Amino acid sequence: MALRLTVNGVQHSLDVEGDTPLLWVIRDELGLKGTKFGCGAGLCGACTVHLNGQPVRSCSTPVEMAAGGQVQTIEGLGGGDQLHALQQAWIEQGVPQCGYCQSGQIMSAAHLLASNPAPSRDDIVAAMTGNLCRCGTYSRILAAVESVAAGSSNSQEV
Amino acid sequence: MAMKRRDFLKVSVGASGGLVVSLALPGCAGIQTGYQPETGEWRPDAWLELTPNDEVFFTLARVEMGQGTYTGLTTLIAEELEIKPERITPRFAPVAPEYRNPLYKLQLTGGSTSVATSWEPLRMAGAEARLMLVMAAARVWNLEAAECHASEGRVLHPNGIDSMAYGKLVELAAKEVVRGDIALKPREQWKYIGKQQGRLDARAKSTGTAVYGIDVELPDMVYGVIARSPRHGGRVAGFNGDEVRAMTGVLEVFETERGVAVVADKYWRARKAQEALNVGWDFSEALSVSTDDVFESYRTAADEDPGESERSEGSFERAVEGAERVLEAEYVQPYLAHATLEPMNATAWYRGDRMEVWAPTQAPDLGRIAVARVTDLGPDDVTINTTFLGGGFGRRLTQDYIEEAAAVAYRLRRPVKVIWSREEDTRHDLYRPAMLHRMRASLSGGELTGWHHQIVGPQILDWYVRNAAPAQYPWAPRFMYDTLGKVGLMAEGIATPKDMSAIEGGIEYPYQVDNIDIRHTHTDPGVPVTWWRSVGYSHNGFAVETFMDELAHESGEDPYQFRRRLVSSEPRHLEVLDRAAHLANWTAPAPQGRARGIALFRSFGTYVAQVVEAGIENGAIRVYKVACAVDCGQVVNPRIVEDQIEGGILFGLTAALYGEITLESGRVQQSNFHDYQLMRQYERPDVLVAIVDSTEAPTGVGEPGVPPVIPALGNALFALTGKRQRSLPLTADA
Ligand code: FES
Ligand code: FES
């Protein structure tokens with residue numbers, strides 16, 4: 001089945017079975033490996049990408065459901081060589097341990113801030129609860145998101 | 001410990017014309033170093049390479065799985081080399097004797113040993129290179145080396161004006177000869193050790209560019225999945241191969257040692273084909289136990305066999321005879337899965353006479369053995385490329401996933417990536433052993449007079465020898481591997497001369513008591529087991545520190561003061577205990593509806609005390625705060641220490657709240673994160689970590705955060721509810 005998909009601003013025409021999860025299309029057809037496979041069942045959030053501006057679990061999104069849509073992955077989050085403010089904060093806070101969950105964490109956080117630039121701590125926790133981290137980096141994640149959220153003392157630096 | 005530099009440093013000129021410092025760890029005298037005298041060439045297994053282009057490469061012999069070796073070990077080199085850690089490019093080590101962990105005689109990362117074993121040698125390598133660069137510059141300027149010094153990647157002229165970048169000096173420096181021993185910088189002059197804050201891999205891991213095993217991409221690569229026996233040890237009796245082979249994209253369907261492999265051009269096609277696959281299993285030799293049987297067998301073993309004595313002081317029996325009270329308790333702890341977020345996977349490429357493997361592994365030289373076992377290749381025909389690891393926690397010390405991928409690649413003769421699903425990763429793990437502990441203690445006149453601890457369960461090395469021993473004897477033919485495993489291990493000793501996995505943390509019982517009897521009853525129900533973050537300490541910690549709490553309660557003493565009194569002659573224990581209690585405001589009452597529990601435990605040479613503040617909310621256990629004090633000797637990177645301790649605490653709490661793998665007639669019941677849950681962001685407690693300022697040699701931090709938090713939480717729940725829970729995971733309605 002041929003379908004169209006725009007990923008990080010680039011249009012692709014793909015010949016894949018429609019039930020293939022978006023995750024494997026992004027990773028193996030398009031070679032964007034930043035999006036990770038953790039559970040394949042919508043339980044861990046490692047595969048989080050934005051589809052038409054909404055965060056989705058790409059492991060549980062058949063590619064046909066994304067057909068014609070706009071997908072953004074961790075690779076397309078910043079502008080070209082520019083890092084997204086969250087990525088900058090992640091580096092400054094030294095968030096990642098093994099790092100495997102972090103693309104998904106950052107994508108969830110990016111959607112939160114795009115829809116709610118000044119989230120409360122409870123808002124952040126609620127938005128980030130679908131993303132598992134086996135290494136236990138939750139407090140650094142929280143600090144990094146808070147440092148970027150509008151109204152925080154650091155936000156003007158980025 | 002003063003090390004003679006000539007014992008383990010070798011310097012040579014690299015192929016690039018640069019300076020190469022190789023290093024052989026103590027105990028490996030006489031092995032080959034990076035320099036090939038015949039050809040004058042450099043083999044890329046040197047530790048440190050400086051190029052004329054001013055690049056600095058450092059070979060990382062301990063894998064990076066989140067625990068921070070990438071940053072920590074690089075910092076050690078940077079400190080003595082006088083260059084910012086960020087200027088050094090770490091690269092993952094290939095398999096070579098130089099990179100073996102001197103404690104294990106194997107190239108593996110585990111046991112919280114990376115910093116401890118690298119502490120001296122890596123600083124020494126950095127210092128030697130720096131000294132040679134300074135000598136070369138001094139020669140150019142016609143000065144004495146002592147008049148020049150190095151800073152930030154340059155050698156500085158005493159005139160304060162001139163300087164030369166390392167890159168300009170490396171060719172000259174390679175010809176310098178350092179005589180005598182090298183003095184390492186005194187602590188007061190450190191710029192990065194103890195101060196380095198960031199993580200060198202943070203950028204790659206925040207931009208999606210860090211390459212994990214699962215991300216490896218090769219030309220014409222295909223994808224394999226394997227249908228494994230739902231019961232360990234089951235064999236393939238038959239399968240509908242023709243039907244599955246006819247499916248779109250399917251290239252091969254065939255039997256392997258562990259099940260039926262399905263290979264397709266795309267991963268999803270392989271998965272769909274696997275769904276259509278019907279395998280008949282022969283379970284005649286398969287595991288058939290259920291979890292209840294396991295614990296019953298442990299109880300029977302414990303009754304029949306008092307176990308091997310592991311520590312004996314005074315006479316426990318006499319202490320009991322004269323005791324006013326004798327307390328007994330039995331603690332039960334389940335099997336636990338590792339649940340690394342990156343599932344098991346490996347990519348292999350067989351090209352006739354060689355096999356190349358890309359994998360997230362904690363033990364690359366054992367990966368070579370795994371390949372040799374399922375092919376006609378010898379270990380030397382196998383190259384293992386280590387990637388970043390999406391978590392390890394001990395799981396990736398066992399090389400089954402490499403073995404499988406190699407078997408598939410051997411048949412396909414093209415690059416194959418084998419990926420496990422989460423369900424497969426959970427069900428075909430090797431688990432933290434289920435364990436049973438029987439404790440007895442005698443009390444007289446308010447004093448603890450006797451301590452008896454019977455540890456019941458398997459030993460991990462029994463499961464590991466088959467993998468590990470041949471790596472020490474690469475000359476051995478394959479048929480010998482099993483025997484060698486057993487015999488060789490005895491002779492040489494791999495992890496330690498003795499398998500400590502069941503008893504560690506039990507036998508180091510630190511409290512003052514005259515009569516001690518600690519035993520291990522060895523019994524193995526046949527469920528595959530392996531190391532799991534903090535290993536034996538994980539279950540002994542729960543048993544010892546919960547029972548100590550019971551004894552404090554029985555004596556009518558505050559559990560902090562009770563412990564305090566009994567470790568009064570152990571200054572490092574005492575200090576972390578006091579600091580944790582202070583940090584948690586122990587003496588002030590806990591807020592309404594909450595209670596606190598305390599635990600003190602030393603593991604991997606690191607002293608940790610924790611106070612947990614917990615409550616029960618809406619029928620669920622809620623952990624609000626964990627106050628932790630840690631003494632891990634000299635700190636290399638304080639942020640990483642905090643992160644590792646906090647990560648360990650969350651790992652331990654996950655086990656305490658949710659961790660349980662159960663078996664039903666040999667089948668593992670759990671499969672994915674809905675029934676093998678991990679702690680989530682909304683459950684995160686506030687964690688406070690106080691690090692003791694110490695000049696002692698550094699000890700590990702990856703694991704020691706785990707053990708005490710489990711009993712500390714249980715003890716808090718006891719303080720809250722008055723009910724003692726003696727089995728894990730803990731529940732809110734006990
Ligand atoms: S891989 Fe998609 S949610 Fe876990
Ligand atoms: S950093 Fe390892 S899973 Fe989150």
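Note that these values count all heavy atoms, side chains included, but never hydrogens, waters or copies made by symmetry. None of the values given here were measured: they were computed from a predicted structure. Convention: sequence-line order gives letters A, B, ...; per-chain numbering from 1.
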Within the structure provided, determine whether A/Lys33 and B/Glu217 are in side-chain contact (heavy-atom separation under 4.5 Å). yes
Closest non-hydrogen atoms of B/Pro343 and A/Tyr100, given as atom of the first, atom of the second and distance, are CD-OH, 4.0 Å
So CH2 of A/Trp24 and CD1 of B/Ile419: to nearest 0.5 Å the spacing works out to 4.0 Å
So, the part of B/Ala210 with a heavy atom under 4.5 Å from chain A: the answer is backbone
Of the listed B/Leu389, B/Leu653, B/Asp201, B/Asp643, the one with the largest count of heavy-atom pairs under 4.5 Å with chain A is B/Asp643
dist B/Arg203:CZ -> A/Trp90:CH2 (nearest 0.5 Å) comes out at 15.5 Å
Taking a cut-off of under 4.5 angstrom between non-hydrogen atoms, the residues of residues 103-116 of chain A near chain B are A/Ser103, A/Ile106
Notebook entry, point to check: Going by heavy atoms in the side chains, are A/Lys36 and B/Leu341 under 4.5 Å from each other?
Noted result: no
Cut-off 4.5 Å, heavy atoms of chain B, and the answer for A/Ile124 is neither
Taken to the nearest 0.5 Å, the spacing of B/Glu423 CD from A/Cys39 SG works out to 8.0 Å
Given B/Tyr223, B/Tyr682, B/Trp268, the one with more heavy-atom pairs under 4.5 angstrom with chain A than any other is B/Trp268
Rounded to the nearest 0.5 angstrom, the OH-CG distance for B/Tyr267 and A/Asp28 is 10.0 Å
- So does A/Glu29 pair up with B/Lys266, basic N to acidic O under 4.0 Å? yes
Rounding to 0.5 Å, atoms NE2 (B/His674) and SG (A/Cys44) come to a distance of 13.5 Å
Given A/Gly38, A/Ala46, A/Gly34, the one with more heavy-atom pairs under 4.5 angstrom with chain B than any other is A/Gly38
*asked:* Under a 4.0 Å threshold between the charged nitrogen and the carboxylate oxygen, would A/Glu17 count as salt-bridged to B/Lys272?
replied: no
With chain B, the option among A/Leu86, A/Ile91, A/Asp122, A/Leu23 that has the most non-hydrogen atom pairs under 4.5 Å is A/Ile91
So, the part of B/Thr207 with a heavy atom under 4.5 Å from chain A: the answer is both
Among A/Pro21, A/Gly31, A/Ala126, the residue with the most heavy-atom pairs under 4.5 Å to chain B is A/Pro21
Minimal heavy-atom distance between B/Tyr212 and A/Gly99, with the atoms involved, is OH-C, 3.1 Å
Okay, B/Glu424 and chain A: the region with an atom under 4.5 Å from a heavy atom over there is neither
message = Within the structure provided, determine whether A/Asn131 and B/Gln681 are in side-chain contact (heavy-atom separation under 4.5 Å).
response = no
Practice problem: Could you check if a side-chain atom of A/Gln93 sits within less than 4.5 angstrom of a side-chain atom of B/Arg639, using non-hydrogen atoms only? | Solution: yes
Inset, instruction - Evaluate the side-chain proximity of A/Cys98 to B/Phe388: yes if any heavy-atom separation is below 4.5 Å, no if none is. - result: no
Is there a donor-acceptor contact under 3.5 Å from the side chain of B/Arg684 to the main chain of A/Leu142?
no
Sorted by chain and number, sequence neighbours left out, salt bridge (Lys or Arg N to Asp or Glu O under 4.0 Å) with B/Glu64 holds for B/Arg199, B/Lys205
Okay, A/Asp19 and chain B: the region with an atom under 4.5 Å from a heavy atom over there is both
Under 4.5 Å to a heavy atom of chain A? For B/Thr654 that would be side chain
Practice task
Report yes if some heavy atom in the side chain of B/Asp215 is under 4.5 Å from a heavy atom in the side chain of A/Arg27; otherwise report no.
Solution key: yes
Highest number of heavy-atom pairs under 4.5 Å with chain B among A/Thr137, A/Leu83, A/Val95 belongs to A/Leu83
>> Ignoring hydrogens and geometry beyond distance, is a side-chain donor-acceptor pair present between A/Ser139 and B/Glu646 at under 3.5 Å?
In response: yes
Applying a strict 4.5 Å limit to non-hydrogen atoms, the region of B/Arg271 in contact with chain A is neither
- Message: Quick check: do B/Phe393 and A/Cys135 have side-chain heavy atoms less than 4.5 Å from each other?
- Response: yes
Donor-acceptor contact below 3.5 Å, side chain A/Arg134 vs main chain B/Leu678:
no
Quick check: does any side chain N or O of A/Tyr138 sit under 3.5 Å from a backbone N or O of B/Met679, one acting as donor and the other as acceptor?
yes
